[in-house]
Amino acid sequence: MVHGESENVKTETYTHDRSSKYRKVNLNKHDEEKDLKILSDFDHFRSDKITDLNLLKKYANIIAYINTLTPVLHSLKSEFNIDYTMASCWQKNIPIKIEPVTATEKRNKTEPNDEFLEPLNRWWESVTDLESELKWNYLEHRGLQFAELYEPHGISILFNGKELKLNSEAEEIATMWCTTLGTEYENKPIFRKNFWKTFKSKFPTLHPIKKAKLESCDFTAIKNYLDNKKLKAAQDLENDRESVLAEKEALKRAKKELELPFTYALVDNIREKVSGFKVEPPGLFRGRGEHPKQGLWKQRIIPTDVKINIAKTAPVPKAIYPLNGYCWNDVVHENSLTWLAYYKDTIQDQIKYMYLSAQSKFKGLNDFLKYEKARRLKTCITNIRDGYRQKLRSDDLVDKQLGTATYLIDFLALRVGSEKDTDEEADTVGCCSLRVEHITFDKLTDTINLDFLGKDSIRYTNSVKVDHYAFTNLMEFCKDKKPDEDIFDKISTAKLNDYLKELLPGLSAKVFRTYNASATLEACLDLLKLEEGTLVATVKDEGNEVLSVNCGSVDELLHYYNHANRRVAILCNHQRTVPKLHQATQKKMMLKENILEEDLKMCKDYIKHLNEGSKKSFCMTPKLNDLKGNPRKAPFKEGAKVEALEKKVENIKKNISKLKLKIKIHDDNKTVALGTSKINYMDPRITIAFCKKFEIPIEKVFNRTLRMKFPWAMHTRTNFRF
DNA sequence: GGGATGACTTAGGATCTTAAAG
DNA sequence: CTTTAAGATCCTAAGTCATCCC
């Protein structure tokens, strides 16, 4: 049964009736070989061109079999939109209805395309040298796609109330400024200053604008032009929805077709998806937080800015640029590197790369290695913790700082914090760059209060009781220093990582984050244990909050998984800004709840009314209006039977508790970004093992992108331990 | 040994798409 | 069917970390 550790079970199948409260779990044993055979058939099936139904029928058995297989296959199944009812129809020789039922389906009907048929690169089955220097033997691709040239609209601005004609360059910048109006950048002093500087630079030396202020220019004409364009598009849509949508569709198709050659690369005979094949278009740089360069002009990239990396024997792609006479800056053949092309960004001289996508071998293998490294850390974490705890008590200041920093990185999952140049970048910190001003102490309880801006200028605040030695060390490091001085002045990130390498080859600061995130997820999911003869698991959450999860309900299991996910996100400080409509949505949902409550009361009252056989008339009009403010009708008709009403009561009660949960989750998640940890920190195998154990379809937890990113983890079995 | 550079991962917000609700 | 909310994808900024070079 599901609660038993099914160590030796090779494949777990699951029943499809998820609505049943008493969902049974059948663990049929299959040979692994059989699984693999089916998988390879399936691969074959996918790589075949499916042009007619007969061909599809040929594979009906496979599809039908997939129906009963593990969530892995389940995910593949949904990946390729295979309709299982169709498959089962074939098996039973029932005529298949293939015509779309509704107009929406008709419109949305997609024929099998390249995506549908794309073979999976099963690198994890064949790679022998995991950390090979040689990344590829053959590499061919089409290079980068360039941004379209700017098309001037010829609209002037007002300078001190008078019309000022702009040249194309100035106009482009002014137009970009108009698109920033209405965003947070519009009112950021640095952004305004830098934009103004950039804009003015496009005028001759003696032009009066050189001495003027931004406020002396009026950009409304351009802004209006842009707004009107949008407005007209909206009106057109309203007037002639059909043809405007069709036109849009056609444009999209044309764009896709133009992009198609760039979307794939050929790597050792395997076609792989490329990501970031478009150069970043010019614009006003949107640095985050108080970035000193925000508002500066990010220049147009042309072919002579771009280096490309291909095999020596591969044809050199043509640089497709709107103007003639341009070629690549350089063509190299570096088969120890994974980038396909790069150029230098004009703002910070940073390199922008074109890589293969996350679903490729290059990325997938590295991702796998990352988690394996974190697992290696797990095997010796006790020793390592003992090691740095010893350093906390060292007499040597450098050792003390190393120990303390490592402690913080491990305990609080901080980033290492490399040094930054505040003239070039926003002033943000990590562990090693923490300053005295970012920490305060509470001596009575050994509690430190941290408050600083981390990566992306996301604020980190935490009040936490720490190890006594770490506490006194931190106090000592801060003693006699000014607020803007470094706490860890005797060490650098390089030194810290050197120290970590001594503890375990390959160890660096970021591994702790991966390890702690994955370990937290696993520990949290482990709490969910079924007891003999019950479907409800009781979870003690931090000793006090008690959660009860009905493991027969996929919804509740998902809720629990998200709860675990949230723990990790909070640990890693993955935040998001509260969505604009958050409050409004909350209010709406609460109003809905009130309406349901009223319905419930009315039902109950009416039952009472009927049972008492009262002769009085019953008021059939609810007091609350519906969400749009219109009057509502009673949830039942006059003369309804008590039996039916009682059913209704149960139903409404269920809906109320569902809605309450929804409101709570919606509010709990308003500032927490769950995605980042799912994509980057939590070993997917933990999630997959959990899903298999509790028979959660994997696509409920991993979206398409994630499933494509983690194919190497899909075969994980329920007994996987991180 | 320490700064600069290059390669690669991690990050949140904007925008587009899909699904659910009305 | 249309509207709205949620979810997926795109975009590109901003980290980490190894290596190079002096």
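Every heavy atom of this structure was used, including side-chain atoms; hydrogens, water molecules and symmetry mates were not. Fair warning: this is a prediction, and the values are worked out from it, not measured in the lab. Each chain gets a letter, A, B and so on, in the order the sequences are listed, and its residues count up from 1.
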**Prompt:** Is A:Asp498 paired with A:Lys495 through a side-chain N to carboxylate O contact shorter than 4.0 Å?
**Reply:** no
**Message:** Rounded to whole Å, please give me the gap between NZ in A:Lys709 and P in B:dT10.
**Reply:** 7 Å
**Prompt:** Is the distance from OP1 or OP2 of B:dG12 to the nearest side-chain N or O of A:His574 less than 4.0 Å?
**Reply:** no
**Message:** Quick check on contacts: within residues 493-502 of chain A, what sits under 4.0 Å from DNA chain C by heavy-atom distance?
**Reply:** A:Asn497, A:Lys501
**Under 3.5 Å donor-acceptor, A:Lys709 side chain and A:Ile679 backbone** = yes
**Request:** Between A:Ser336 and A:Ile458, name the one whose nearest nucleotide on DNA chain B is closer to the 5' end.
**Result:** A:Ser336
**Nucleic acid contacts of residues 338-356 of chain A, taken as heavy-atom distances under 4.0 Å to DNA chain C** = A:Gln348, A:Gln350, A:Lys352
**Separation of C:dC11 C1' from A:Phe277 CZ (nearest whole Å)** = 12 Å
**Item:** Touch class at under 4.0 angstrom, heavy-atom based, for A:Lys307 against every strand present
**Value:** nothing
**Complete:** What residues 360-376 of chain A contributes to the DNA chain B interface at heavy-atom separation below 4.0 Å is A:Lys363, A:Asn366, A:Lys370
**Request:** Take atom CD of A:Glu247 as the centre, draw a 6.0 Å sphere, and report whether it contains more than 12 heavy atoms from other residues, nucleotides or ligands.
**Result:** no
**Prompt:** Are the side chain of A:Thr422 and the backbone N or O of A:Asp427 linked by a donor-acceptor pair below 3.5 Å?
**Reply:** no
**Request:** Send over the distance from A:Arg576 CZ to B:dA14 C1', rounded to a whole Å.
**Result:** 14 Å
**Asked** Tell me: CG of A:Leu706 to P of B:dT10, nearest whole Å?
**Response** 13 Å
**Asked** With sugar-phosphate meaning primed atoms plus P, OP1 and OP2, does A:Lys298 contact a base, only sugar-phosphate, or nothing at under 4.0 Å between heavy atoms?
**Response** sugar-phosphate
**Prompt:** With ring centroids as reference points, do A:Phe285 and A:His291 lie under 6.0 angstrom apart?
**Reply:** yes
**Message:** Among residues at least two apart in sequence or on other chains, which ones pass side-chain hydrogen bond (donor to acceptor under 3.5 Å, both in side chains) with A:Tyr561?
**Reply:** A:Thr687
**Message:** For A:Lys510, give me all partners under salt bridge (charged side-chain N to carboxylate O under 4.0 Å, His left out), at least two apart in sequence or on another chain.
**Reply:** none
**Request:** Specify the separation, in whole Å, of atom CZ of A:Phe512 and atom P of B:dT9.
**Result:** 20 Å
**Request:** Grab the CG-C1' distance between A:Asn703 and C:dG7 for me, whole Å please.
**Result:** 8 Å
**Message:** Applying ring-ring contact (aromatic ring centres under 6.0 Å, His included), can you list everything that pairs with A:His574, at least two apart in sequence or on another chain?
**Reply:** A:Tyr681
**Request:** Could you check how far CD1 of A:Ile491 sits from C1' of B:dG1, rounded to whole Å?
**Result:** 15 Å
**Message:** Going by side-chain hydrogen bond (donor to acceptor under 3.5 Å, both in side chains), name the residues that satisfy it together with A:Thr175, two or more places apart in sequence or in a different chain.
**Reply:** A:Tyr150, A:His153
**Message:** Can you tell me if A:Arg142 has over 12 outside heavy atoms packed within less than 6.0 Å of its CZ?
**Reply:** no
**Asked** Taking CD1 from A:Ile679 and P from C:dG7, how many angstroms apart are they, rounded to a whole number?
**Response** 14 Å
**Message:** Using the salt bridge (charged side-chain N to carboxylate O under 4.0 Å, His left out) criterion, which residues pair with A:Glu419? Sequence neighbours excluded.
**Reply:** none
**Prompt:** OP1 or OP2 of C:dA13 sitting under 4.0 Å from any side-chain N/O of A:His291?
**Reply:** no
**Asked** Are A:Glu372 and A:Arg685 close enough for a salt bridge, meaning some N to O gap below 4.0 Å?
**Response** yes
**Request:** Mind running a 4.0 Å heavy-atom check of residues 410-431 of chain A against DNA chain B and sending the residues that fall below it, in number order?
**Result:** A:Arg415
Show me the protein contacts with nucleotides 3-6 of chain C, counting only N or O atoms at under 3.5 Å.
residue: C:dA5; atom: OP1; partner: A:Lys588; partner atom: NZ; Å: 2.5

**Request:** Return the 5'-most residue of the pair A:Gly289, A:Phe702 with respect to DNA chain C, ranking by each residue's nearest nucleotide.
**Result:** A:Phe702
**Message:** Is there a side-chain contact between A:Arg513 and the phosphate of B:dA11, meaning an N or O under 4.0 Å from OP1 or OP2?
**Reply:** yes
**Asked** In terms of side-chain geometry, is the basic nitrogen of A:Lys664 or A:Asp668 positioned less than 4.0 Å from the acidic oxygen of its partner?
**Response** yes
**Request:** Taking side-chain hydrogen bond (donor to acceptor under 3.5 Å, both in side chains) as the test, write out the residues that go with A:Asn562, two or more places apart.
**Result:** none
**Message:** Need one value for A:Lys510: base, sugar-phosphate or nothing, where a base atom within 4.0 Å counts as base even if backbone is also close, heavy atoms only.
**Reply:** sugar-phosphate
**Request:** Have a look at A:Pro579 and say if it touches a base, only the backbone sugar-phosphate, or nothing, with a 4.0 Å heavy-atom cut-off.
**Result:** nothing
**Residue list, ring-ring contact (aromatic ring centres under 6.0 Å, His included) with A:Tyr355, at least two apart or on another chain** = A:Tyr353
**Minimum heavy-atom distance between A:Gln299 and A:Thr346, given as atom pair plus value** = N-OG1, 3.0 Å
**Request:** Would you check if the side chain of A:Asn309 reaches a backbone N or O of A:Trp339 as a donor-acceptor pair within less than 3.5 Å?
**Result:** yes
**Request:** Determine the contact category for A:Gly675: base if any of its heavy atoms lies under 4.0 Å from a base atom, sugar-phosphate if only primed atoms, P, OP1 or OP2 are that close, otherwise nothing.
**Result:** nothing
